Amino acid sequence: MAILADIQQKARDSLAAAAAAALPDVPLPGVGVQRPREEAHGDLASNLAMAMAASARRPPRQVAEAIVAQLPAAAEAAGLPLHRAEVAGPGFINLFLRPGWLLPVLAEVTAAQGAYARSEAGGGRRVLVEFVSANPTGPLNVVNCRAAAFGDALVRCLNAAGWRAESEYYVNDAGGQFRRLGESLRARAIELRGGELALPEGGYPGEYLIPLAEAFLAAHPVDAPVQAYARFAVERILAQQKESLARFGVVFDHFTHESAIRADGGPERVVAALAAAGHTFERDGAVWLRSTAFGDNDDRVLVKRDGEFTYRVPDIAYHAGKLGRGYDVLIDVLGQDHHGDVASVRAGLAGLGLPVERLEVLLNQLVRLVRGGETVRMSKRGGNFISMDEFLDEVGTDAARFFFLMRTIDTHMDFDIDLATRQASENPVYYVQYAHARICSLLRQAAEAGLVAPPPAALAPDALRHPAEAALMLAMAELPEEVRAAAESRAPHRMTTYARVLAERFHNFYVQCRVIGEAAPVAASRLLLADAARATLAETLGLLGVSAPERM
RNA sequence: GCGCCCGUAGCUCAGCGGACAGAGCAAGUGCCUUCUAAGCACUCGGUCGGUGGUUCAAGUCCACCCGGGCGCACCA
């Protein structure tokens, strides 16, 4: 068990036992133990006394004093290395632990061999995270890039926290937009053959279709059916999207095609089942889902007057299929412009009697690029927008990932290209990577000097007592819990915050505590600490999908 | 009009119901003959949009209001 979780459990046990001894007649509430922000408030703090004050009919501080009086014996019994306890503020019980209580973290990091962040908090629950799922009608853009950074890091965090997470990309390769893509490509082909460019209504004017049209004509006649054009375009564009993603370090476990869902008859079964359950009605020649019965604002059309399904029928079939694949949780990361679709998909699933509560929807908010203090216009009209590839050419994978993951997914963000590309200390991604490179350099030089890190078990109990050393170990001790929280709350951005704190603690240690040249036991124990910090930092960056360079 | 998201330092953003609200940037000041100065130390900067409510305790939860973004198709 991770050292911090272990200590916190022992603290809860101690407090509970002390409270039971001090106030045997008062029912015991859940014991809260937290890490206080202020160092002066001890290593751990509990609100137990304040929670018990009301039922004890005594002031919180009095309750706290009574508990504290019983605490030494209780701590002894629970194996908590308690130094002293004090009552503070409105009735907090602050616990100060014996110096050295953090030393076991070094053994843990060393023994974990790169899997120190790992916990079993997720209990092996299966979760499918769907993200990006951009329409295969053009190159990926900056918002897709944000979704990719988020979804991929979330999957990594979930897996580290003991979930069984997989990634999925839904390919919208059917329906009206698919047809218009084919028509657009055919229009480009006709143009290449000297004809007028006649793009369809709602078609795709982007110039990226021109080389695709050339490629198409190399193998097909210009009068090929629209379906062939569309199929060809989707395959090529999807391949390009996969390339962009691979370059970004994102490889999906699953691709599901809408065309496959249609070919399998999913939409027909959805409509039939919803009708059989009495959740549909006919109006104006269309078949409607009575989605207002499931909390939607309006009823929605399932089958149009012309007999075609609306996009939401395959959507419902797709989500029903995902549930049928046995996941405990489905996470959809959607562009916020699609949030209006969520209610009808939920309604459809509920109408089918499926466990709709397993579906969690996260909305990916917009990204505004800022360069030189000015907003970079990203108009999708006319087909000119900044593609993910162009963006990565300029910013680079590491900075892009780190910057996207510094923000929560549900906040609109300004992406400062100048800051992200600056190779200097004010750039947070370099700040963190630099810490890693600095440690590696230190380790290299230590090796040259013949300095060897001792096995953790060989550390003296009074080793690493410097405040900077303790602060660094404490940060390291927090990693497993931080990853658990990031996974649980679907908030991988917590890991960038954590990475910055960890890097800061190392830089601090580095400046204050020399390694090479110190007396043998000090140098050796610091070398061990530095190496463990390196491993922790590397693992953290790994969860973010950011590289951990050995030299900079 | 309805729905979703967001209003925290000059700017961009963190902040799990807890004790004096944080970081980076920007502005200013120190520190390199010693393991990477892509670093460290310090100064400046806030009625957490507003009003009520719940709570021993609210930036955090609830309601309403104001401001900004986005969406409200028999398009996807």
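The structure displayed is predicted, hence computed values, not measured ones.
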Can you tell me how far P in A9(B) sits from the matching atom in C48(B), rounded to whole Å? 10 Å
Nearest-angstrom distance, C1' atom, G67(B) to G49(B): 7 Å
Sugar-phosphate, base or nothing in reach of Glu448(A), heavy atoms under 4.0 Å: nothing
When you check the gap from the basic side-chain N to the acidic O, do Lys322(A) and Glu168(A) get nearer than 4.0 Å? no
Measure all distances between protein nitrogen or oxygen atoms and nitrogen or oxygen atoms of nucleotides 12-19 of chain B, and list the pairs falling under 3.5 Å.
from   : atom 1 : to        : atom 2 : distance (Å)
U12(B) : O2'    : Arg407(A) : NH2    : 2.2
C13(B) : OP1    : His412(A) : O      : 3.1
C13(B) : OP1    : Asp414(A) : N      : 2.6
A14(B) : OP1    : Thr408(A) : N      : 2.7
A14(B) : OP1    : Thr408(A) : OG1    : 2.8
A14(B) : O3'    : His493(A) : NE2    : 3.4
A14(B) : O2'    : Thr497(A) : OG1    : 3.3
G15(B) : OP1    : His493(A) : NE2    : 2.7
G18(B) : N7     : Asn47(A)  : ND2    : 3.4
G18(B) : O6     : Asn47(A)  : ND2    : 3.1
A19(B) : OP2    : Arg37(A)  : NH2    : 2.7
A19(B) : N6     : Asn94(A)  : OD1    : 2.9
A19(B) : N1     : Asn94(A)  : OD1    : 3.1
A19(B) : N1     : Asn94(A)  : ND2    : 3.1

Nearest to the Glu38(A) side chain among A76(B), C40(B), G22(B), which nucleotide is it? G22(B)
Closest of A76(B), G3(B), A41(B) to the His338(A) side chain is A76(B)
Output yes when a side-chain donor or acceptor of Asp43(A) lies under 3.5 Å from a complementary backbone atom of Leu97(A), and no otherwise. yes
When rounded to the nearest Å, what value does the distance between C1' atoms of G18(B) and U54(B) take? 16 Å
Would you measure the distance from the C1' atom in A37(B) across to the matching atom in G17(B) and give it in whole Å? 42 Å
Within the 4.0 Å heavy-atom criterion, would you say Leu442(A) contacts the bases, only the backbone, or no part of the nucleic acid? base
Reading RNA chain B 5' to 3', what string of ( ), [ ], | and . shows its pairs, if Watson-Crick and G-U wobble pairs count only when both distances fall under 3.5 Å? (((((((..((((....[...)))).(((((.......))))).....(((((..]....))))))))))))....
Minimal non-hydrogen separation, Asn135(A) against Gln241(A), with atom names: O-NE2, 3.3 Å
Given atom CZ of Arg526(A) and atom C1' of C35(B), what is their separation to the nearest angstrom? 12 Å
Look at the aromatic rings of Phe391(A) and Phe415(A) and report parallel, tilted or perpendicular, splitting at 30° and 60°. perpendicular
Using the C1' atoms only, state how far G68(B) lies from U8(B), rounded to an integer number of Å. 16 Å
Measuring from the side chain of Thr310(A) (C-beta onward, heavy atoms only), which nucleotide among C70(B), G24(B), C74(B) has the closest atom? C74(B)
For Cys440(A) and Leu366(A), take the nucleotide of RNA chain B holding the closest heavy atom to each; which residue's nucleotide lies nearer the 5' end? Cys440(A)
Base orientation of C32(B), syn vs anti, 90° cut from 0: syn
What is the distance, to the nearest angstrom, from the CD atom on Gln336(A) to the C1' atom on A76(B)? 16 Å
Mind checking Asp341(A) for me? I need base, sugar-phosphate or nothing, with any heavy atom below 4.0 Å counting as a touch. base
Rounded to whole Å, CZ of Arg180(A) lies from P of A76(B) at a distance of 7 Å
Given that Asp416(A) and Phe309(A) both sit by RNA chain B, which one's nearest nucleotide is further toward the 5' end? Asp416(A)
Any base atoms under 4.0 Å from Gln445(A), or only sugar-phosphate, or nothing? Heavy atoms, all strands. sugar-phosphate
For Gln433(A) and G24(B), what is the distance between atoms CD and P respectively, to the nearest whole Å? 18 Å
Measuring only the P atom in each nucleotide, how far is C44(B) from A63(B)? A whole number of Å is fine. 40 Å
Side-chain (Asp299(A)) to main-chain (Thr292(A)) donor-acceptor, under 3.5 angstrom: yes
Considering every strand and a 4.0 Å limit on heavy-atom distances, what is the contact class for His339(A): base, sugar-phosphate, or nothing? base
Given atom OH of Tyr311(A) and atom P of C72(B), what is their separation to the nearest angstrom? 8 Å
Any sub-3.5 Å donor-acceptor pair from Arg290(A)'s side-chain atoms to His279(A)'s backbone N or O? no
With no hydrogens and no angle check, is any side-chain donor or acceptor of Arg61(A) less than 3.5 Å from a backbone partner on Phe92(A)? no
From CG of Asp299(A) across to P of C74(B) the rounded distance in Å is 11 Å
Considering only atom C1', compute the distance from A26(B) to U34(B) and round it to an integer number of Å. 34 Å
For the side chain of Ser46(A) and the backbone of Gly32(A), is there at least one donor-acceptor N/O pair under 3.5 Å apart? yes
How should the glycosidic conformation of C20(B) be described, syn or anti, under the criterion that syn lies within 90° of 0? syn
Would you mind classifying the nucleic acid contact of Arg551(A) as base, sugar-phosphate or nothing, using non-hydrogen atoms under 4.0 angstrom? base
Contact class for Asp306(A) vs. all strands (heavy atom < 4.0 Å): base, sugar-phosphate, or nothing? nothing
Using atom CD of Glu518(A) as one end and atom P of U34(B) as the other, report the distance to the nearest whole Å. 16 Å
When the P atoms of C65(B) and C2(B) are compared, how many Å lie between them, rounded to an integer? 9 Å
Starting from P on U34(B), measure out to CD on Gln512(A) and report it in whole angstrom. 18 Å
Need one value for Val301(A): base, sugar-phosphate or nothing, where a base atom within 4.0 Å counts as base even if backbone is also close, heavy atoms only. base
Using a heavy-atom cut-off of under 4.0 Å over every strand shown, decide if Ala485(A) touches base, sugar-phosphate, or nothing. nothing
Have a look at Ala286(A) and say if it touches a base, only the backbone sugar-phosphate, or nothing, with a 4.0 Å heavy-atom cut-off. base
Do Asn508(A) and Leu472(A) come close enough that some side-chain heavy atom pair is under 4.5 Å? no
Is the NZ or CZ atom of Arg484(A) both under 6.0 Å from the centre of the six-membered ring of Trp163(A) and within 45° of that ring's axis? no
Quick one: is Tyr318(A) getting a side-chain N or O under 4.0 Å of the A76(B) phosphate, OP1 or OP2? no
Would His257(A) and Tyr170(A) count as a close aromatic pair, with their ring centres under 6.0 Å? no
Assess whether side-chain hydrogen bond (donor to acceptor under 3.5 Å, both in side chains) is satisfied between His507(A) and Arg438(A), documenting all intermediate values. CA-CA 9 Å; His507(A) 285 310; Arg438(A) 221 178 189 188; 3.1 Å; yes
